[in-house]
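Please read the structure below before turning to the comments.
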Amino acid sequence: MQEENICPLCQCENHCRVATINDCWCKVLPVPEGLIKQLPEGVKNKRCICQRCVEQYLNQQKPVNS
């Protein structure tokens with residue numbers, strides 16, 4: 001598998017389809033800036049974060065109701 005198809009955070013396939021005719025999930029679920037800031041400089045704007053990592057990050061940001 002090519003490196004650009006691997007999520008730089010979890011090392012799983014990122015399933016990015018932004019370069020295809022079909023819309024990618026990232027058009028509906030934007031990648032938060034706080035998550036992008038966690039990437040090393042060498043991979044920013046070169047490898048896509050996967051949907052699972054984005055969803056996990058967003059879930060961690062939600063306040064817990066007690």
Side-chain angles (χ1 to χ4, degrees):
M1 192 175 309
Q2 294 180 336
E3 193 172 273
E4 64 266 11
N5 295 331
I6 302 297
C7 174
L9 297 175
C10 70
Q11 305 304 309
C12 292
E13 187 174 355
N14 59 29
H15 300 286
C16 182
R17 305 290 180 252
V18 77
T20 66
I21 302 170
N22 301 326
D23 284 335
C24 183
W25 62 266
C26 67
K27 301 283 185 170
V28 179
L29 184 65
V31 179
E33 186 65 31
L35 193 56
I36 295 170
K37 288 180 180 181
Q38 294 179 22
L39 296 176
E41 286 301 319
V43 298
K44 283 184 183 177
N45 299 315
K46 294 180 182 167
R47 290 174 53 192
C48 295
I49 298 169
C50 73
Q51 184 175 3
R52 186 179 76 192
C53 284
V54 172
E55 289 173 347
Q56 286 178 347
Y57 178 86
L58 292 172
N59 286 335
Q60 291 172 356
Q61 303 306 307
K62 291 180 182 177
V64 178
N65 295 329
S66 40

remark   = In this structure, CZ of Arg47 is separated from SG of Cys7 (nearest 0.5 Å) by 7.5 Å
ask   = If you take all heavy atoms of Val43 and Pro8, which pair is closest and at what distance?
value = CG2-CB, 4.0 Å
message = salt bridge (Lys or Arg N to Asp or Glu O under 4.0 Å), that's the test. Do Glu55 and Arg52 meet it? Break it down for me.
response = CA-CA 5 Å; Glu55 289 173 347; Arg52 186 179 76 192; over 6 Å; no
task = Nearest 0.5 Å please: distance from the CD atom of Gln56 over to the SG atom of Cys50.
result = 7.5 Å
key: Closest contact, heavy atoms only, Tyr57 versus Gly34   = OH-CA, 3.3 Å
query = Looking only at heavy atoms, which two atoms of Cys53 and Leu9 are closest? And how far apart?
reply = SG-CB, 4.0 Å
message = Checking Glu33 now: which residues fulfil salt bridge (charged side-chain N to carboxylate O under 4.0 Å, His left out) with it, not counting sequence neighbours?
response = none
request  = Could you grab the distance from atom CG of Asn45 to atom CD1 of Ile36, nearest 0.5 Å is fine?
outcome  = 7.5 Å
key: Gln38: side-chain hydrogen bond (donor to acceptor under 3.5 Å, both in side chains) partners, not counting sequence neighbours   = none
key: Residues that Lys46 engages under salt bridge (charged side-chain N to carboxylate O under 4.0 Å, His left out), provided they are two or more places apart   = none
ask   = Of the non-hydrogen atoms in Pro32 and Leu58, which two are nearest, and what is the gap between them?
value = CG-CD2, 3.6 Å
query = Which heavy atom of Lys44 sits nearest a heavy atom of Glu41, and at what distance?
reply = NZ-OE2, 3.1 Å
